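Quick notes on the structure that follows.
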Protein chains: 2
Amino acid sequence: MAGQEIIKKPLFTVDSVLFTVHEDTLKVLMVKRAQQPFQGAWGLPGGFIDIDLDQNTDMTARRKLADKTGFTPNYLEQLQVISGPDRDPRGFSVTLAYFALVAHQSVASHIDSVEMACWIPVSKLKELTTAFDHRQIIELSRQRLKQKTLYSLLPVFCLPQKFTIGQLMAVIETIIEKPLQRKSLMRRIEASEMFEISNEKISSGGRLAQLYSLKLDANIVNFERNLSI
Amino acid sequence: MAGQEIIKKPLFTVDSVLFTVHEDTLKVLMVKRAQQPFQGAWGLPGGFIDIDLDQNTDMTARRKLADKTGFTPNYLEQLQVISGPDRDPRGFSVTLAYFALVAHQSVASHIDSVEMACWIPVSKLKELTTAFDHRQIIELSRQRLKQKTLYSLLPVFCLPQKFTIGQLMAVIETIIEKPLQRKSLMRRIEASEMFEISNEKISSGGRLAQLYSLKLDANIVNFERNLSI
DNA sequence: TGACATAGTGTCTTAAAGACATTATGTTTG
DNA sequence: CAAACATAATGTCTTTAAGACACTATGTCA
């Protein structure tokens, strides 16, 4: 067993599940594939690591997202690696999936190999022809987002820099698919010490709403308890 | 940009952080490296994926652990991917780190390229010459284990098939580095419905202790709250 | 100006963990 | 053999943070 072994290398790719919430709907960024395999099908933005451009896989994810949308996510973390001999017709494939959040913005529809980027409501995914096992990866990602939302305020990254409690509440309710007590959210906002009270308020049909923003140095706090499921 | 690009491929490896608890000490399995790079240093068991032998990266992790120890972990999950141009002198490298648990057992010291496997107390790691960034990976892993122990009963995988509450309590206390109320643990054991009460008890210096075992079909339950830190 | 809408607070209830005394049941020892 | 001791297991009160929901605050609009 000692000595040099000849080992065929698997394909290694980095893909991202970029979520946003818009009009009370959870949406995911998909690109129409310009090339084989799965030409014409919708897939996750991603690609191969470029060891001259990327310092690490996080950079690969960011670079590919920027290429296809023109913007950078507010939040990015690793989801997991999916691998197997049959998930890519070109051969044994290993994909590192990332999970990312951004405030809603229109996609710059940057032309990269004529790939078209688009926000797709996750509820509409089953009607689409999707590439590889990307449907399952999105589902995994959705569950992770939901779980993290129960014990953190991660959904702030789906909002603009200044936001109201009402907006945050709506985004959280969309993600966890449950109503949430405003009181519970306010308690967490205060306890986390992650936010600053802006000196502005905005109109929203009734009493003016206080604007909040993330502190510059804020780290995402994990609470000791989950919201009840 | 369209068309075939020539992309240099990074090295892709799978490494595992296998923990056990023995004599109230958290230990990690390390192997003495028989080859370059870092020949003679201690490193995590792992290696390259073999696309003829492995259906996926989980199998790679299991295979490499079995090669070096002769046994299979009770629990295995992905930790995270670490990547960069400088972490391996051979070039840009991508490692998928796994995190695993097993009941303590003597290592079969299986001879694979004259590599020697050994349980190292995590507190003694800083005195050792370790390969690559494996020290940091172990530290990451330790934090993940600690965190998960606060909201699950994962440490049962560090115990033999039949175990007592006292044993489980000791293992948990070793991992979280805090005392734990026996009452709290018993409540969780009951609420989780993961365990069966054996018809045996064993002596432990005082009143006989009830033996428990994991139900055959048991899934690890995640509790809604953390133990207090 | 009064109805309405949304923002924000007060406070009681509830669920699960922490603290700790008490009971149970074995082994060891005088 | 009984008393001391050790560890197991339970009872129960306290504490903490979320849920429920009524109530107050303050804006817009008819």
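Within every chain, numbering begins at 1; the chains are lettered A, B, ... in the order of the sequence lines, protein sequences first and strands thereafter. The shown structure was predicted, so the numbers you read here are calculated from the model rather than taken from an experiment.
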Could you run down nucleotides 24-30 of chain D 5' to 3' and tag each one B, S or - for protein heavy-atom contact under 4.0 Å? -BBB---
Whole-Å distance separating the CG atom of B:L168 from the P atom of D:dT7: 18 Å
Let me test you: for the helix from C:dT1-D:dA30 to C:dG30-D:dC1, what is the angle between the axes at its two ends (five pairs each), rounded to 10 degrees? 10°
Run the ring pair (Phe, Tyr, Trp, His ring centres under 6.0 Å) test against A:Y75 and tell me which residues pass, sequence neighbours left out. A:F157
Listed partners of A:F163 passing ring pair (Phe, Tyr, Trp, His ring centres under 6.0 Å), at least two apart: A:F195
Treat primed atoms plus P, OP1 and OP2 as sugar-phosphate and everything else as base, then score nucleotides 11-17 of chain D 5' to 3': B for base contact with protein heavy atoms under 4.0 Å, S for sugar-phosphate contact only, - for none. BB---BB
Residue whose closest nucleotide on DNA chain D lies nearer the 5' end, A:S184 versus B:Y212: B:Y212
Side-chain N or O of A:Q181 less than 4.0 angstrom from OP1 or OP2 on D:dA20? yes
Return the value, rounded to whole Å, for the distance between atom CD of B:Q210 and atom P of C:dG26. 12 Å
Quick one: do A:E193 and A:K215 make a salt bridge, cutoff under 4.0 Å? no
Nearest to the side chain of B:L227 - C:dG8, D:dA18, C:dG18? C:dG18
Who pairs with B:F99 by ring pair (Phe, Tyr, Trp, His ring centres under 6.0 Å), at least two apart in sequence or on another chain? none
Within less than 4.0 Å of OP1 or OP2 of C:dA17, is there a side-chain N or O belonging to B:S228? no
Compile the donor-acceptor pairs under 3.5 Å between side chains in residues 183-191 of chain A and protein atoms, sequence neighbours left out, one pair per line.
unit_1: A:R188; atom_1: NH1; unit_2: A:L150; atom_2: O; d: 3.0
unit_1: A:R188; atom_1: NH2; unit_2: A:R225; atom_2: O; d: 2.6

Under 4.0 Å between a side-chain nitrogen and a carboxylate oxygen: does that hold for B:E173 and B:R182? no
Round to a whole Å and report the spacing from CD of B:E190 to C1' of D:dA9. 12 Å
Let me know the distance between CZ of B:R182 and C1' of C:dA24, rounded to the nearest Å. 12 Å
Which pairs with one or both residues in residues 194-207 of chain B pass side chain to side chain donor-acceptor pair (under 3.5 Å), sequence neighbours excluded? B:K162-B:E200
Would you kindly give the CG-to-P distance between A:L180 and C:dG8, to the nearest whole Å? 14 Å
Enumerate the residue pairs fulfilling side chain to side chain donor-acceptor pair (under 3.5 Å) with a member in residues 129-142 of chain A, sequence neighbours excluded, ordered by first and then second residue. A:D15-A:H134, A:R87-A:D133, A:E139-A:R142, A:E139-A:Q143
What is the separation between atom CD on B:E200 and atom P on C:dG26, rounded to the nearest whole Å? 15 Å
Figure out the CE/P separation between A:M186 and D:dG19, and round it to whole Å. 15 Å
Enumerate, atom names and distances included, each donor-acceptor pair closer than 3.5 Å involving a side-chain atom of residues 117-128 of chain A, sequence neighbours excluded.
unit_1: A:W119; atom_1: NE1; unit_2: A:Q105; atom_2: O; d: 3.0
unit_1: A:K126; atom_1: NZ; unit_2: A:S123; atom_2: O; d: 2.7

Provide the closest heavy-atom pair for A:T149 versus A:L145 in the form atom of the first, atom of the second, distance. OG1-O, 2.6 Å
Ring pair (Phe, Tyr, Trp, His ring centres under 6.0 Å) with A:F19: which residues, sequence neighbours excluded? none
Between D:dA9, D:dA8, C:dG18, spot the one nearest the side chain of B:S204, thanks. D:dA8
Tell me the interatomic distance from B:I202, atom CD1, to C:dT25, atom P, rounded to whole angstroms. 18 Å
Residues which pass side-chain hydrogen bond (donor to acceptor under 3.5 Å, both in side chains) with B:R62, listed by chain and number, not counting sequence neighbours: none
